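In what follows, every heavy atom counts, from backbone to side chain, and hydrogens, waters and symmetry copies are set aside. Computed from a predicted model, the values in this text were never measured in an experiment.
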Amino acid sequence: MARVFNFSAGPSILPEVVLKQAADEMLDYKGSGQSVMEMSHRSKVYDDIIKEAEKDLRDLMKIPANYKVLFLQGGASQQFAAIPMNLMKNGVADYIITGQWAKKAYQEAKKYGKANAIASSEDKTFSYIPDCSDLPISEDADYVYICHNNTIYGTAYKKLPNTKGKILVADMSSDILSQPVNVEDYGLIFFGVQKNVGPAGVVIVIIREDLIRDDLPDYVPTMLKYKTQADADSLYNTPPCYGIYICGLVFKWVKQMGGLSAMKAHNEKKAKILYDFLDQSEMFHGTVVKEDRSLMNVPFVTGNDELDAKFVKEATAAGFVNLKGHRSVGGMRASIYNAMPIEGVEKLVQFMKDFEANNK
Ligand SMILES: *Cc1c(COP(=O)(O)O)cnc(C)c1O
């Protein structure tokens, strides 16, 4: 069996030990005689799985007791609607547009109230994070929305926006668990799990309790009310049981790796190897401003479409897969999530060096 080095932006690489454990437990989960896929979500054995997953996530992120953790379905995109439906009390929210995911969230929010785009980096293909120190935050904004790590463009916030006292909501789909987070800086954090945590379809919402409302408009679907999900401990209906189980295994793995500070050190080390190479290469160039570089997603180009295509083709043949850039940026993108070992980045850089030497 040959595993490739998988640089996919999502769904993406998972820790090999987790996949092996899932394989070992596939037919008989801990003596239950069943696969996790087959068991009742109301059973004791499954209840232990979801409770333990929540506990481990709480430990890792040091989630305060006044925040709820919800395991939901519909991916991150479903939250683009759920957030305005649940949090817009005045019917107003401010969005900072740093890429396609933030833009999609903004466009969705417009269906439910007045969404304002208060800053954007679209003028330069989202290659930077706008200055967010003194934005025109709306007086009556119910929240300020950001996408914390921009998966497609490879930028990330190094400093949070000054929300002037308004609640901050963040999409952390592509950098969750990659570094420590001060949960109290946010009213709501959500992430689709398929970038850094588990199988696509599961989305996890961490929400401050006082933001969970009971007085929502009638049109809000029962399933999309945070109140429904919080009251039922994420078991209002059948949750994505197997996906949550894999998330739980990944949380244990991150703990074994030393938690979020250790994860950050590991990710900084990996990213540095790649960025240092890009900074001195004559052929390959990063596409975003240095101060705003993501630790997770690294887009780069040669400046020549044919050469880019040749690189992707040869890299794929050599076992470095899913390096083709997003269609809106072109070139290449290496996603180096938590589960990517240092060796994968070192070998990729060696491959890039060789490619550069051979294609001068
Ligand atoms: C991948 C991604 C999404 C979309 O996730 P889905 O689960 O496919 O809806 C949203 N936001 C960010 C930042 C992402 O990286």
Side-chain angles (χ1 to χ4, degrees), residues 10-65 67-76 78-79 82 172-173 176-178 181 183 188-207 209 212 223-260 263 337-339:
S12 30
I13 184 171
L14 285 171
E16 203 167 293
V17 288
V18 165
L19 298 177
K20 281 190 175 142
Q21 186 177 345
D24 285 346
E25 295 176 339
M26 179 60 76
L27 297 182
D28 178 11
Y29 177 76
K30 291 194 176 163
S32 68
Q34 312 154 64
S35 168
V36 175
M37 256 181 264
E38 302 171 302
M39 59 181 56
S40 165
H41 60 296
R42 309 270 175 214
S43 63
K44 169 82 174 81
V45 56
Y46 189 74
D47 203 54
D48 288 347
I49 291 174
I50 191 167
K51 291 261 163 59
E52 190 145 332
E54 175 173 344
K55 184 185 171 300
D56 285 335
L57 181 63
R58 283 185 176 276
D59 289 351
L60 280 169
M61 293 183 69
K62 300 189 172 67
I63 300 174
Y67 282 74
K68 287 272 184 201
V69 175
L70 308 176
F71 293 88
L72 308 176
Q73 318 200 32
Q78 180 77 284
Q79 294 305 311
M172 290 196 189
S173 295
I176 194 73
L177 304 185
S178 67
V181 175
V183 175
L188 187 153
I189 293 169
F190 73 102
F191 52 99
V193 304
Q194 70 271 29
K195 315 290 161 66
N196 238 347
V197 183
V202 182
V203 57
I204 298 178
V205 172
I206 301 167
I207 180 172
E209 260 166 9
I212 300 175
M223 280 285 290
L224 291 189
K225 288 182 185 170
Y226 295 138
K227 180 92 172 86
T228 307
Q229 303 289 356
D231 284 353
D233 290 329
S234 306
L235 293 169
Y236 171 73
N237 73 330
T238 321
C241 303
Y242 194 79
I244 293 168
Y245 153 72
I246 299 288
C247 293
L249 296 184
V250 171
F251 298 153
K252 291 237 181 281
W253 174 78
V254 176
K255 279 185 147 179
Q256 271 157 21
M257 293 288 285
L260 300 191
M263 224 61 242
Y337 296 119
N338 281 354

| request: Would you list the pairs meeting salt bridge (charged side-chain N to carboxylate O under 4.0 Å, His left out) in which at least one residue belongs to residues 237-246, sequence neighbours left out? | output: none
| remark: So salt bridge (charged side-chain N to carboxylate O under 4.0 Å, His left out) across residues 229-244, not counting sequence neighbours, yields Lys227-Asp231
Tell me, do [X] and [Y] make a side-chain contact under 4.5 Å, heavy atoms counted?
X	Y	value
Met263	Ser178	no
Phe251	Val254	no
Val203	Gln78	no

As an exercise, state the distance from [atom1] of [X] to [atom2] of [Y], rounded to the nearest 0.5 Å.
X	Y	atom1	atom2	result
Gln34	Ser32	CD	OG	4.5 Å
Ile176	Phe190	CD1	CZ	10.5 Å
Met172	Ile206	CE	CD1	8.0 Å
Ile207	Ile63	CD1	CD1	12.5 Å

Just jot down the salt bridge (Lys or Arg N to Asp or Glu O under 4.0 Å) partners of [X], sequence neighbours excluded, or say none.
X	result
Lys30	none
Asp28	none
Lys62	none

| task | Decide side chain to side chain contact (heavy atoms under 4.5 Å, CB included) for Met223 and Thr228; before the verdict, give the C-alpha distance in whole Å, the side-chain angles of both, and the deciding distance to 0.1 Å. | result | CA-CA 7 Å; Met223 280 285 290; Thr228 307; 6.0 Å; no
| query | By side-chain contact (heavy atoms from CB on, under 4.5 Å), which residues pair with Leu14, not counting sequence neighbours? | reply | Leu19, Ile246, Val250
Just distance, no hydrogens or angles: give the donor-acceptor pairs under 3.5 Å from side chains in residues 234-245, sequence neighbours left out.
unit_1: Ser234; atom_1: OG; unit_2: Phe71; atom_2: N; d: 2.9
unit_1: Tyr245; atom_1: OH; unit_2: Glu25; atom_2: OE1; d: 2.5

| task | Evaluate side chain to side chain contact (heavy atoms under 4.5 Å, CB included) for Leu188 paired with Tyr226, printing each intermediate quantity in order. | result | CA-CA 11 Å; Leu188 187 153; Tyr226 295 138; 3.8 Å; yes
| task | Using a strict 4.0 Å threshold on nitrogen-to-oxygen distance, state whether Lys20 and Asp24 make a salt bridge. | result | no
| request: Would you mind listing every side-chain hydrogen bond (donor to acceptor under 3.5 Å, both in side chains) that reaches into residues 190-206, with sequence neighbours excluded? | output: none
| field | side chain to side chain contact (heavy atoms under 4.5 Å, CB included) between Gln229 and Ile212, worked out | value | CA-CA 10 Å; Gln229 303 289 356; Ile212 300 175; over 6 Å; no
| field | Partners passing side-chain hydrogen bond (donor to acceptor under 3.5 Å, both in side chains) against Asn338 (at least two apart in sequence or in another chain) | value | Asn267
| request: Check side-chain hydrogen bond (donor to acceptor under 3.5 Å, both in side chains) between Ser12 and all other residues, then give those that pass, not counting sequence neighbours. | output: none
| remark: Smallest heavy-atom separation, Ser43 atom then Ser40 atom, equals OG-O, 2.6 Å
If you look only at distance, which donor and acceptor atoms sit under 3.5 Å apart when one is on a side chain in residues 51-59 and the other is two or more places apart or in another chain?
unit_1: Lys51; atom_1: NZ; unit_2: Asp47; atom_2: OD1; d: 3.4
unit_1: Lys51; atom_1: NZ; unit_2: Asp47; atom_2: OD2; d: 2.8
unit_1: Glu52; atom_1: OE2; unit_2: Lys252; atom_2: NZ; d: 2.7
unit_1: Glu54; atom_1: OE2; unit_2: Arg58; atom_2: NE; d: 2.9
unit_1: Glu54; atom_1: OE2; unit_2: Arg58; atom_2: NH2; d: 3.3
unit_1: Lys55; atom_1: NZ; unit_2: Asp59; atom_2: OD2; d: 3.1
unit_1: Asp56; atom_1: OD1; unit_2: Lys255; atom_2: NZ; d: 2.7
unit_1: Asp56; atom_1: OD2; unit_2: Lys252; atom_2: NZ; d: 2.5
unit_1: Arg58; atom_1: NH1; unit_2: Pro64; atom_2: O; d: 3.3
unit_1: Arg58; atom_1: NH1; unit_2: Tyr67; atom_2: O; d: 3.3
unit_1: Arg58; atom_1: NH2; unit_2: Tyr67; atom_2: O; d: 2.6
unit_1: Asp59; atom_1: OD2; unit_2: Lys255; atom_2: NZ; d: 2.8

| request: Kindly say whether Gly192 contributes a backbone atom to a donor-acceptor pair with the side chain of Ser173 at under 3.5 angstrom? | output: yes
| message | Tell me whether Gln73 contacts the main-chain N or O of Gly201 through its side chain, where contact means a donor paired with an acceptor under 3.5 Å. | response | no
| Worked verdict on Ile49 versus Tyr29 for side chain to side chain contact (heavy atoms under 4.5 Å, CB included) | CA-CA 11 Å; Ile49 291 174; Tyr29 177 76; 3.5 Å; yes
